[in-house]
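What follows is a set of notes on a single structure, which appears directly below.
Below, chain A is the first sequence line, B the second, and so on; all start at residue 1. For the numbers below, each heavy atom of this structure counts, side chains included, while hydrogens, waters and symmetry mates do not.
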Protein chains: 2
Amino acid sequence: MTDTMSPPARKDAARNRALLLETATQMFATQGLDVTLKDVARRAGVGVGTVYRHFPAKDDLLDEVFAGLLARATDSARTAAADPDGWRGLVRYLEDAMLMQRHNSGLRGLAATPAPSCAMAVKSREEITPLVQQMVAKAQKQGTLRPDFDATDVAYIQVALAAIMEATYATSPDLYRHHLKLFIDGMRAEGHREPSSESPD
Amino acid sequence: MTDTMSPPARKDAARNRALLLETATQMFATQGLDVTLKDVARRAGVGVGTVYRHFPAKDDLLDEVFAGLLARATDSARTAAADPDGWRGLVRYLEDAMLMQRHNSGLRGLAATPAPSCAMAVKSREEITPLVQQMVAKAQKQGTLRPDFDATDVAYIQVALAAIMEATYATSPDLYRHHLKLFIDGMRAEGHREPSSESPD
DNA sequence: ACCTGAACACCGTTCAAGT
DNA sequence: ACCTGAACACCGTTCAAGT
(Lines give C-alpha, C1' and ligand atoms only; values in the text may rest on other atoms or scores of the structure.)
Protein backbone atom coordinates (compact mmCIF):
# COMPACT_ATOMS: atom_id res chain seq x y z
CA MET A 1 0.00 0.00 0.00
CA THR A 2 3.02 2.30 0.48
CA ASP A 3 5.68 1.58 -2.11
CA THR A 4 6.58 1.75 -5.80
CA MET A 5 8.23 5.16 -5.61
CA SER A 6 9.73 7.72 -3.23
CA PRO A 7 13.23 6.69 -2.17
CA PRO A 8 13.02 5.29 1.38
CA ALA A 9 13.33 8.72 2.96
CA ARG A 10 15.84 9.50 5.62
CA LYS A 11 15.58 7.44 8.74
CA ASP A 12 14.85 10.38 11.01
CA ALA A 13 12.15 11.63 8.65
CA ALA A 14 10.46 8.25 8.64
CA ARG A 15 10.61 8.14 12.41
CA ASN A 16 9.13 11.61 12.71
CA ARG A 17 6.29 10.68 10.42
CA ALA A 18 5.47 7.54 12.37
CA LEU A 19 5.78 9.38 15.65
CA LEU A 20 3.46 12.13 14.49
CA LEU A 21 0.88 9.65 13.30
CA GLU A 22 1.01 7.82 16.59
CA THR A 23 0.80 10.97 18.66
CA ALA A 24 -2.02 12.41 16.57
CA THR A 25 -3.96 9.16 16.70
CA GLN A 26 -3.79 9.19 20.47
CA MET A 27 -4.67 12.84 20.85
CA PHE A 28 -7.56 12.88 18.38
CA ALA A 29 -9.00 9.78 19.98
CA THR A 30 -9.02 11.19 23.50
CA GLN A 31 -9.44 14.93 22.93
CA GLY A 32 -11.43 15.15 19.71
CA LEU A 33 -10.85 16.85 16.41
CA ASP A 34 -9.90 20.30 17.61
CA VAL A 35 -6.54 19.46 19.04
CA THR A 36 -4.10 21.92 17.61
CA LEU A 37 -1.37 20.87 15.21
CA LYS A 38 0.93 22.94 17.34
CA ASP A 39 0.04 20.74 20.29
CA VAL A 40 0.58 17.58 18.28
CA ALA A 41 3.97 18.90 17.20
CA ARG A 42 4.98 19.81 20.72
CA ARG A 43 3.90 16.47 22.17
CA ALA A 44 5.84 14.73 19.41
CA GLY A 45 8.83 16.92 20.09
CA VAL A 46 9.07 18.46 16.62
CA GLY A 47 8.31 21.85 15.06
CA VAL A 48 5.00 22.66 13.38
CA GLY A 49 6.72 22.86 10.04
CA THR A 50 7.53 19.18 10.29
CA VAL A 51 3.88 18.30 10.62
CA TYR A 52 3.12 20.22 7.45
CA ARG A 53 6.05 18.66 5.64
CA HIS A 54 4.57 15.21 6.19
CA PHE A 55 0.90 16.16 5.98
CA PRO A 56 0.09 19.10 3.71
CA ALA A 57 -2.95 20.03 5.80
CA LYS A 58 -4.74 19.00 8.95
CA ASP A 59 -7.31 17.08 6.94
CA ASP A 60 -4.56 14.95 5.44
CA LEU A 61 -3.32 14.05 8.87
CA LEU A 62 -6.85 13.20 9.92
CA ASP A 63 -7.29 11.04 6.85
CA GLU A 64 -4.22 9.01 7.65
CA VAL A 65 -5.04 8.75 11.31
CA PHE A 66 -8.50 7.43 10.65
CA ALA A 67 -7.45 5.20 7.81
CA GLY A 68 -6.46 2.76 10.54
CA LEU A 69 -9.91 2.78 12.06
CA LEU A 70 -11.43 2.52 8.63
CA ALA A 71 -9.53 -0.71 8.11
CA ARG A 72 -11.03 -2.08 11.31
CA ALA A 73 -14.49 -1.03 10.20
CA THR A 74 -14.00 -2.73 6.87
CA ASP A 75 -12.99 -5.92 8.63
CA SER A 76 -16.10 -5.72 10.74
CA ALA A 77 -18.22 -5.27 7.64
CA ARG A 78 -16.55 -8.22 5.95
CA THR A 79 -17.24 -10.46 8.92
CA ALA A 80 -20.81 -9.26 9.08
CA ALA A 81 -21.32 -9.83 5.36
CA ALA A 82 -20.16 -13.43 5.84
CA ASP A 83 -22.92 -14.12 8.34
CA PRO A 84 -25.48 -16.43 6.70
CA ASP A 85 -28.20 -14.52 8.52
CA GLY A 86 -28.30 -11.19 6.69
CA TRP A 87 -30.26 -9.41 9.39
CA ARG A 88 -27.94 -10.51 12.15
CA GLY A 89 -24.91 -9.41 10.16
CA LEU A 90 -26.39 -6.01 9.55
CA VAL A 91 -27.20 -5.48 13.20
CA ARG A 92 -23.77 -6.57 14.31
CA TYR A 93 -22.09 -4.31 11.82
CA LEU A 94 -24.03 -1.33 13.09
CA GLU A 95 -23.29 -2.21 16.70
CA ASP A 96 -19.58 -2.55 15.93
CA ALA A 97 -19.46 0.78 14.13
CA MET A 98 -21.15 2.53 17.02
CA LEU A 99 -18.84 0.92 19.54
CA MET A 100 -15.86 2.29 17.69
CA GLN A 101 -17.29 5.77 17.88
CA ARG A 102 -18.22 5.32 21.48
CA HIS A 103 -14.52 4.96 22.29
CA ASN A 104 -13.04 7.59 20.00
CA SER A 105 -13.93 11.23 20.33
CA GLY A 106 -12.42 12.21 16.99
CA LEU A 107 -14.32 9.51 15.19
CA ARG A 108 -17.54 10.73 16.76
CA GLY A 109 -16.89 14.19 15.39
CA LEU A 110 -16.04 12.95 11.93
CA ALA A 111 -18.98 10.60 11.65
CA ALA A 112 -21.49 13.19 12.76
CA THR A 113 -20.31 15.75 10.21
CA PRO A 114 -19.36 13.85 7.11
CA ALA A 115 -17.76 16.23 4.63
CA PRO A 116 -18.24 14.62 1.24
CA SER A 117 -14.76 15.92 0.35
CA CYS A 118 -13.11 13.97 3.16
CA ALA A 119 -10.93 11.26 1.65
CA MET A 120 -11.78 8.85 4.44
CA ALA A 121 -15.50 9.23 3.86
CA VAL A 122 -14.98 8.48 0.19
CA LYS A 123 -12.83 5.42 0.77
CA SER A 124 -15.18 4.25 3.48
CA ARG A 125 -18.07 4.35 1.08
CA GLU A 126 -16.13 2.57 -1.64
CA GLU A 127 -14.95 -0.24 0.60
CA ILE A 128 -17.88 -0.79 2.87
CA THR A 129 -20.88 -0.05 0.68
CA PRO A 130 -20.59 -3.23 -1.42
CA LEU A 131 -20.37 -5.31 1.74
CA VAL A 132 -23.41 -3.63 3.19
CA GLN A 133 -25.18 -4.21 -0.09
CA GLN A 134 -24.58 -7.93 0.30
CA MET A 135 -26.08 -7.91 3.78
CA VAL A 136 -29.05 -5.87 2.68
CA ALA A 137 -29.78 -8.09 -0.30
CA LYS A 138 -29.45 -11.21 1.81
CA ALA A 139 -31.66 -9.93 4.60
CA GLN A 140 -34.29 -8.81 2.15
CA LYS A 141 -34.26 -12.18 0.43
CA GLN A 142 -34.69 -13.76 3.86
CA GLY A 143 -37.63 -11.47 4.47
CA THR A 144 -36.33 -9.88 7.66
CA LEU A 145 -35.43 -6.43 6.28
CA ARG A 146 -37.90 -3.97 4.81
CA PRO A 147 -37.95 -4.26 1.04
CA ASP A 148 -37.82 -0.48 0.59
CA PHE A 149 -34.52 -0.25 2.39
CA ASP A 150 -31.42 0.87 0.54
CA ALA A 151 -27.80 0.04 1.31
CA THR A 152 -27.01 3.76 1.43
CA ASP A 153 -29.62 4.10 4.16
CA VAL A 154 -27.29 2.18 6.44
CA ALA A 155 -24.65 4.87 6.01
CA TYR A 156 -27.20 7.54 6.83
CA ILE A 157 -28.33 5.70 9.89
CA GLN A 158 -24.72 5.75 10.99
CA VAL A 159 -24.62 9.51 10.46
CA ALA A 160 -27.85 9.88 12.39
CA LEU A 161 -26.63 7.83 15.32
CA ALA A 162 -23.31 9.65 15.33
CA ALA A 163 -25.12 12.95 15.71
CA ILE A 164 -27.22 11.56 18.52
CA MET A 165 -24.18 10.16 20.23
CA GLU A 166 -22.34 13.46 19.89
CA ALA A 167 -25.31 15.21 21.48
CA THR A 168 -25.73 12.79 24.35
CA TYR A 169 -22.25 11.43 25.00
CA ALA A 170 -21.26 13.93 27.66
CA THR A 171 -24.36 13.25 29.73
CA SER A 172 -25.05 9.58 29.08
CA PRO A 173 -22.51 7.92 26.83
CA ASP A 174 -24.57 4.79 26.31
CA LEU A 175 -27.92 6.36 25.55
CA TYR A 176 -27.23 5.84 21.86
CA ARG A 177 -27.98 2.14 22.37
CA HIS A 178 -31.61 3.00 22.89
CA HIS A 179 -31.77 4.89 19.60
CA LEU A 180 -29.83 2.20 17.81
CA LYS A 181 -32.52 -0.26 18.87
CA LEU A 182 -35.18 2.14 17.71
CA PHE A 183 -33.68 2.53 14.26
CA ILE A 184 -33.01 -1.16 13.93
CA ASP A 185 -36.63 -1.81 14.73
CA GLY A 186 -37.61 0.59 12.00
CA MET A 187 -35.63 -1.50 9.54
CA ARG A 188 -37.53 -4.69 10.25
CA ALA A 189 -39.84 -6.17 7.68
CA GLU A 190 -43.52 -6.47 8.45
CA GLY A 191 -44.18 -9.01 11.17
CA HIS A 192 -40.64 -9.27 12.47
CA ARG A 193 -41.05 -7.07 15.48
CA GLU A 194 -40.60 -9.63 18.26
CA PRO A 195 -38.26 -8.48 21.00
CA SER A 196 -35.34 -10.85 20.48
CA SER A 197 -34.57 -11.89 24.07
CA GLU A 198 -33.02 -8.54 25.00
CA SER A 199 -33.74 -6.88 28.30
CA PRO A 200 -36.46 -4.28 27.87
CA ASP A 201 -34.62 -1.35 29.55
CA MET B 1 -41.27 39.95 26.70
CA THR B 2 -38.80 42.88 26.57
CA ASP B 3 -39.63 45.42 29.27
CA THR B 4 -39.58 46.17 33.01
CA MET B 5 -36.12 47.75 33.06
CA SER B 6 -33.41 49.36 30.92
CA PRO B 7 -34.36 52.94 29.95
CA PRO B 8 -35.54 52.89 26.32
CA ALA B 9 -32.01 53.29 24.96
CA ARG B 10 -31.11 55.92 22.43
CA LYS B 11 -32.99 55.81 19.20
CA ASP B 12 -29.92 55.18 17.04
CA ALA B 13 -28.81 52.36 19.33
CA ALA B 14 -32.22 50.70 19.11
CA ARG B 15 -32.13 51.03 15.36
CA ASN B 16 -28.68 49.54 15.14
CA ARG B 17 -29.73 46.61 17.25
CA ALA B 18 -32.76 45.89 15.11
CA LEU B 19 -30.76 46.35 11.94
CA LEU B 20 -28.08 43.96 13.13
CA LEU B 21 -30.63 41.35 14.09
CA GLU B 22 -32.31 41.64 10.72
CA THR B 23 -29.06 41.50 8.78
CA ALA B 24 -27.74 38.58 10.79
CA THR B 25 -31.00 36.66 10.43
CA GLN B 26 -30.79 37.02 6.68
CA MET B 27 -27.13 36.13 6.42
CA PHE B 28 -27.21 33.14 8.76
CA ALA B 29 -30.24 31.81 6.95
CA THR B 30 -28.67 31.93 3.52
CA GLN B 31 -24.98 31.47 4.23
CA GLY B 32 -24.92 29.33 7.34
CA LEU B 33 -23.36 29.73 10.74
CA ASP B 34 -19.85 30.69 9.76
CA VAL B 35 -20.60 34.15 8.45
CA THR B 36 -18.20 36.51 10.11
CA LEU B 37 -19.35 39.10 12.57
CA LYS B 38 -17.16 41.50 10.66
CA ASP B 39 -19.23 40.74 7.58
CA VAL B 40 -22.48 41.23 9.45
CA ALA B 41 -21.20 44.54 10.77
CA ARG B 42 -20.12 45.69 7.34
CA ARG B 43 -23.37 44.71 5.69
CA ALA B 44 -25.26 46.54 8.43
CA GLY B 45 -23.00 49.53 8.01
CA VAL B 46 -21.63 49.60 11.57
CA GLY B 47 -18.34 48.73 13.24
CA VAL B 48 -17.60 45.35 14.80
CA GLY B 49 -17.56 46.90 18.21
CA THR B 50 -21.22 47.78 17.84
CA VAL B 51 -22.10 44.15 17.31
CA TYR B 52 -20.35 43.24 20.52
CA ARG B 53 -21.97 46.09 22.37
CA HIS B 54 -25.41 44.66 21.62
CA PHE B 55 -24.49 40.98 21.69
CA PRO B 56 -21.65 40.04 24.05
CA ALA B 57 -20.65 37.08 21.87
CA LYS B 58 -21.54 35.46 18.59
CA ASP B 59 -23.57 32.82 20.39
CA ASP B 60 -25.76 35.51 21.91
CA LEU B 61 -26.48 36.92 18.50
CA LEU B 62 -27.30 33.44 17.26
CA ASP B 63 -29.61 32.87 20.18
CA GLU B 64 -31.60 36.00 19.44
CA VAL B 65 -31.67 35.34 15.73
CA PHE B 66 -33.04 31.86 16.17
CA ALA B 67 -35.42 32.81 18.95
CA GLY B 68 -37.70 33.95 16.16
CA LEU B 69 -37.62 30.58 14.48
CA LEU B 70 -38.07 28.91 17.83
CA ALA B 71 -41.32 30.80 18.25
CA ARG B 72 -42.54 29.45 14.94
CA ALA B 73 -41.56 25.94 15.93
CA THR B 74 -43.42 26.28 19.19
CA ASP B 75 -46.52 27.41 17.32
CA SER B 76 -46.24 24.41 15.08
CA ALA B 77 -45.96 22.13 18.10
CA ARG B 78 -48.98 23.73 19.71
CA THR B 79 -51.07 23.20 16.61
CA ALA B 80 -49.87 19.64 16.34
CA ALA B 81 -50.65 18.97 19.99
CA ALA B 82 -54.19 20.17 19.40
CA ASP B 83 -54.78 17.54 16.75
CA PRO B 84 -57.19 14.93 18.14
CA ASP B 85 -55.20 12.29 16.29
CA GLY B 86 -51.97 12.07 18.26
CA TRP B 87 -50.08 10.23 15.58
CA ARG B 88 -51.02 12.68 12.86
CA GLY B 89 -50.00 15.62 15.05
CA LEU B 90 -46.65 14.06 15.77
CA VAL B 91 -45.93 13.43 12.12
CA ARG B 92 -46.94 16.93 11.12
CA TYR B 93 -44.82 18.47 13.79
CA LEU B 94 -41.78 16.56 12.57
CA GLU B 95 -42.49 17.48 8.96
CA ASP B 96 -42.82 21.14 9.88
CA ALA B 97 -39.62 21.17 11.86
CA MET B 98 -37.72 19.60 8.99
CA LEU B 99 -39.19 22.03 6.51
CA MET B 100 -37.88 24.92 8.56
CA GLN B 101 -34.40 23.46 8.46
CA ARG B 102 -34.71 22.71 4.81
CA HIS B 103 -34.99 26.44 4.16
CA ASN B 104 -32.47 27.79 6.64
CA SER B 105 -28.83 26.90 6.44
CA GLY B 106 -27.98 28.23 9.89
CA LEU B 107 -30.78 26.26 11.47
CA ARG B 108 -29.51 23.11 9.80
CA GLY B 109 -26.11 23.67 11.34
CA LEU B 110 -27.51 24.36 14.78
CA ALA B 111 -29.89 21.43 14.81
CA ALA B 112 -27.26 18.97 13.71
CA THR B 113 -24.80 20.00 16.43
CA PRO B 114 -26.85 20.80 19.49
CA ALA B 115 -24.60 22.26 22.16
CA PRO B 116 -26.39 21.65 25.45
CA SER B 117 -25.13 25.07 26.53
CA CYS B 118 -26.94 26.86 23.72
CA ALA B 119 -29.69 29.00 25.20
CA MET B 120 -31.96 28.28 22.27
CA ALA B 121 -31.65 24.55 22.68
CA VAL B 122 -32.56 24.91 26.34
CA LYS B 123 -35.59 27.11 25.70
CA SER B 124 -36.64 24.89 22.86
CA ARG B 125 -36.66 21.91 25.14
CA GLU B 126 -38.56 23.73 27.84
CA GLU B 127 -41.25 25.03 25.52
CA ILE B 128 -41.69 22.21 23.09
CA THR B 129 -41.08 19.12 25.17
CA PRO B 130 -44.35 19.31 27.13
CA LEU B 131 -46.29 19.71 23.88
CA VAL B 132 -44.55 16.73 22.37
CA GLN B 133 -45.31 14.81 25.53
CA GLN B 134 -48.99 15.45 24.99
CA MET B 135 -48.81 14.13 21.44
CA VAL B 136 -46.82 11.10 22.50
CA ALA B 137 -49.21 10.25 25.33
CA LYS B 138 -52.22 10.70 23.08
CA ALA B 139 -50.83 8.61 20.24
CA GLN B 140 -49.83 5.87 22.62
CA LYS B 141 -53.29 5.84 24.17
CA GLN B 142 -54.69 5.59 20.66
CA GLY B 143 -52.41 2.66 20.02
CA THR B 144 -50.63 4.09 16.98
CA LEU B 145 -47.26 4.90 18.57
CA ARG B 146 -44.88 2.35 20.03
CA PRO B 147 -45.36 2.12 23.78
CA ASP B 148 -41.61 2.19 24.43
CA PHE B 149 -41.26 5.57 22.81
CA ASP B 150 -40.22 8.56 24.85
CA ALA B 151 -40.99 12.23 24.23
CA THR B 152 -37.27 12.99 24.31
CA ASP B 153 -36.82 10.52 21.48
CA VAL B 154 -38.60 12.96 19.23
CA ALA B 155 -35.93 15.56 19.90
CA TYR B 156 -33.23 13.03 19.10
CA ILE B 157 -34.93 12.05 15.90
CA GLN B 158 -34.79 15.71 14.98
CA VAL B 159 -31.07 15.76 15.69
CA ALA B 160 -30.63 12.62 13.63
CA LEU B 161 -32.53 14.00 10.66
CA ALA B 162 -30.71 17.30 10.90
CA ALA B 163 -27.39 15.49 10.59
CA ILE B 164 -28.65 13.53 7.61
CA MET B 165 -29.96 16.65 6.00
CA GLU B 166 -26.69 18.46 6.59
CA ALA B 167 -24.86 15.56 4.94
CA THR B 168 -27.14 15.29 1.93
CA TYR B 169 -28.45 18.80 1.38
CA ALA B 170 -25.83 19.90 -1.11
CA THR B 171 -26.43 16.91 -3.35
CA SER B 172 -30.13 16.22 -2.91
CA PRO B 173 -31.88 18.66 -0.62
CA ASP B 174 -35.04 16.59 -0.35
CA LEU B 175 -33.53 13.22 0.33
CA TYR B 176 -34.23 13.73 4.01
CA ARG B 177 -37.90 13.03 3.28
CA HIS B 178 -37.02 9.43 2.65
CA HIS B 179 -35.30 9.10 6.00
CA LEU B 180 -38.05 10.96 7.75
CA LYS B 181 -40.47 8.33 6.45
CA LEU B 182 -38.12 5.62 7.60
CA PHE B 183 -37.91 6.94 11.13
CA ILE B 184 -41.60 7.63 11.32
CA ASP B 185 -42.24 4.06 10.32
CA GLY B 186 -39.96 2.94 13.12
CA MET B 187 -42.17 4.82 15.55
CA ARG B 188 -45.34 2.97 14.60
CA ALA B 189 -46.94 0.55 16.98
CA GLU B 190 -47.22 -3.08 16.02
CA GLY B 191 -49.66 -3.61 13.16
CA HIS B 192 -49.81 0.01 12.02
CA ARG B 193 -47.46 -0.28 9.11
CA GLU B 194 -49.88 0.33 6.23
CA PRO B 195 -48.64 2.85 3.68
CA SER B 196 -51.04 5.73 4.26
CA SER B 197 -51.91 6.73 0.70
CA GLU B 198 -48.51 8.29 0.00
CA SER B 199 -46.72 7.71 -3.26
CA PRO B 200 -44.18 4.92 -2.79
CA ASP B 201 -41.15 6.77 -4.26
C1' DA C 1 -24.27 56.47 26.12
C1' DC C 2 -22.82 54.70 22.16
C1' DC C 3 -19.81 54.08 18.07
C1' DT C 4 -15.36 52.99 15.74
C1' DG C 5 -11.47 50.50 14.32
C1' DA C 6 -6.97 49.22 15.70
C1' DA C 7 -5.17 45.54 18.56
C1' DC C 8 -4.91 40.95 20.81
C1' DA C 9 -5.36 35.81 21.22
C1' DC C 10 -5.76 31.74 18.69
C1' DC C 11 -5.40 28.39 14.91
C1' DG C 12 -4.20 26.83 10.28
C1' DT C 13 -0.62 27.36 7.00
C1' DT C 14 3.78 29.15 4.73
C1' DC C 15 8.53 30.02 4.12
C1' DA C 16 13.29 31.85 4.84
C1' DA C 17 17.01 30.36 7.35
C1' DG C 18 19.41 26.74 9.44
C1' DT C 19 21.52 21.58 9.67
C1' DA D 1 16.56 16.48 2.26
C1' DC D 2 14.61 17.77 6.21
C1' DC D 3 13.83 20.59 10.41
C1' DT D 4 12.66 24.93 12.90
C1' DG D 5 10.14 28.77 14.36
C1' DA D 6 8.95 33.33 13.13
C1' DA D 7 5.41 35.30 10.19
C1' DC D 8 0.91 35.69 7.80
C1' DA D 9 -4.20 35.29 7.12
C1' DC D 10 -8.37 34.78 9.43
C1' DC D 11 -11.87 35.00 13.08
C1' DG D 12 -13.65 36.01 17.69
C1' DT D 13 -13.25 39.43 21.12
C1' DT D 14 -11.57 43.73 23.68
C1' DC D 15 -10.70 48.44 24.52
C1' DA D 16 -8.83 53.23 24.09
C1' DA D 17 -10.18 57.05 21.70
C1' DG D 18 -13.71 59.55 19.56
C1' DT D 19 -18.83 61.73 19.16
Side-chain angles (χ1 to χ4, degrees), chain A residues 2 5-24 27-28 30-66 105-106 109-110 113 115 117-120, chain B residues 2 5-24 27-28 30-66 105-106 109-110 113 115 117-120:
Chain A
T2 158
M5 48 180 169
S6 69
R10 260 162 43 176
K11 231 181 255 164
D12 56 335
R15 262 187 29 120
N16 274 342
R17 192 175 204 288
L19 183 62
L20 279 169
L21 223 39
E22 207 178 324
T23 309
M27 295 181 82
F28 285 136
T30 58
Q31 309 181 43
L33 294 182
D34 19 326
V35 281
T36 290
L37 290 201
K38 205 165 284 182
D39 281 346
V40 174
R42 186 145 50 95
R43 180 109 154 223
V46 303
V48 230
T50 305
V51 179
Y52 282 90
R53 161 157 284 266
H54 289 292
F55 311 95
K58 189 176 183 178
D59 279 350
D60 298 299
L61 177 56
L62 283 175
D63 279 340
E64 288 226 32
V65 161
F66 289 103
S105 174
L110 274 189
T113 314
S117 58
C118 177
M120 187 185 79
Chain B
T2 158
M5 48 176 169
S6 69
R10 261 163 41 177
K11 231 181 255 163
D12 55 337
R15 262 188 26 121
N16 274 342
R17 193 174 204 287
L19 183 61
L20 280 169
L21 222 39
E22 207 178 326
T23 308
M27 293 181 83
F28 285 136
T30 58
Q31 308 179 43
L33 295 181
D34 19 325
V35 282
T36 291
L37 289 202
K38 206 164 284 181
D39 281 347
V40 174
R42 187 145 49 94
R43 180 112 153 220
V46 303
V48 230
T50 305
V51 179
Y52 282 91
R53 162 157 282 267
H54 290 291
F55 311 95
K58 188 176 183 179
D59 279 350
D60 298 299
L61 177 55
L62 283 175
D63 278 341
E64 289 227 33
V65 161
F66 289 103
S105 174
L110 274 189
T113 315
S117 58
C118 178
M120 187 185 80

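- Remark: A/N16 is in phosphate contact with D/dC3, judged by side-chain N or O atoms under 4.0 Å from OP1 or OP2.
- The one candidate from A/L20, A/V46, A/D60 that meets the side chain to side chain contact (heavy atoms under 4.5 Å, CB included) condition with A/H54 is A/L20.
- For B/R53 and D/dT13, the CZ to P distance is 17 Å, given to the nearest whole Å.
- Paired runs in DNA chain D that reach 3 or more consecutive Watson-Crick or G-U pairs, where each pair keeps both distances under 3.5 Å, cover C:4-8 with D:12-16, C:12-16 with D:4-8.
- Rounded to whole angstrom, the span from the CZ atom of A/R17 across to the C1' atom of D/dC3 amounts to 16 Å.
- As a whole-Å value, the separation of B/L61 CG from D/dT13 C1' is 14 Å.
- Within 4.0 Å (heavy atoms only), A/T36 reaches sugar-phosphate atoms of the nucleic acid but no base atom.
- The distance from atom CZ of B/R42 to atom C1' of D/dC10 is 14 Å, rounded to the nearest whole Å.
- Remark: A/R17 CZ to A/L61 CG distance equals 9.0 Å, nearest 0.5 Å.
- The side-chain heavy atoms of B/V40 and B/V48, taken from C-beta on, include no pair separated by under 4.5 Å.
- Regarding contacts with the backbone of C/dC3, a side-chain N or O of B/H54 is found under 4.0 angstrom from either OP1 or OP2.
- Residue A/Y52 places at least one side-chain N or O under 4.0 Å from the OP1 or OP2 atom of C/dT13.
- When the C1' atom of D/dC11 is taken as reference, atom CG of B/D59 falls 14 Å away, rounded to whole Å.
- Rounded to an integer number of Å, the gap from A/K38 NZ to C/dC10 P is 10 Å.
- The existence of a salt bridge linking A/R15 and A/D12 is excluded, since no basic side-chain nitrogen approaches an acidic carboxylate oxygen closer than 4.0 Å.
- The interatomic distance linking A/D39 (CG) with C/dC11 (P) rounds to 7 Å, in whole Å.
- Look at CG on A/L20: it is 13 Å from C1' on D/dC2, rounded to the nearest Å.
- A heavy-atom distance below 4.5 Å is not found between the side chains of B/D63 and B/F55.
- Taking the nucleotide of DNA chain D with the nearest heavy atom to each of B/V35 and A/G45, the more 5' of the two is matched to A/G45.
- Listed candidates were C/dT4, D/dT13, D/dC3. Nearest to the side chain of B/K58 is D/dT13.
- Within 6.0 Å of atom CD in A/Q31, more than 12 heavy atoms from other residues, nucleotides or ligands are found, so the atom counts as buried in its surroundings.
- Taking only side-chain atoms of B/V48, from C-beta outward, the nucleotide of D/dC3, C/dG5, C/dA1 with the closest atom is C/dG5.
- Of the candidate nucleotides D/dG12, C/dT13, C/dC2, C/dT13 has the atom nearest to the side chain of A/A57.
- The CG atom of A/L19 sits 10.5 Å away from atom CZ of A/R43, with the distance rounded to the nearest 0.5 Å.
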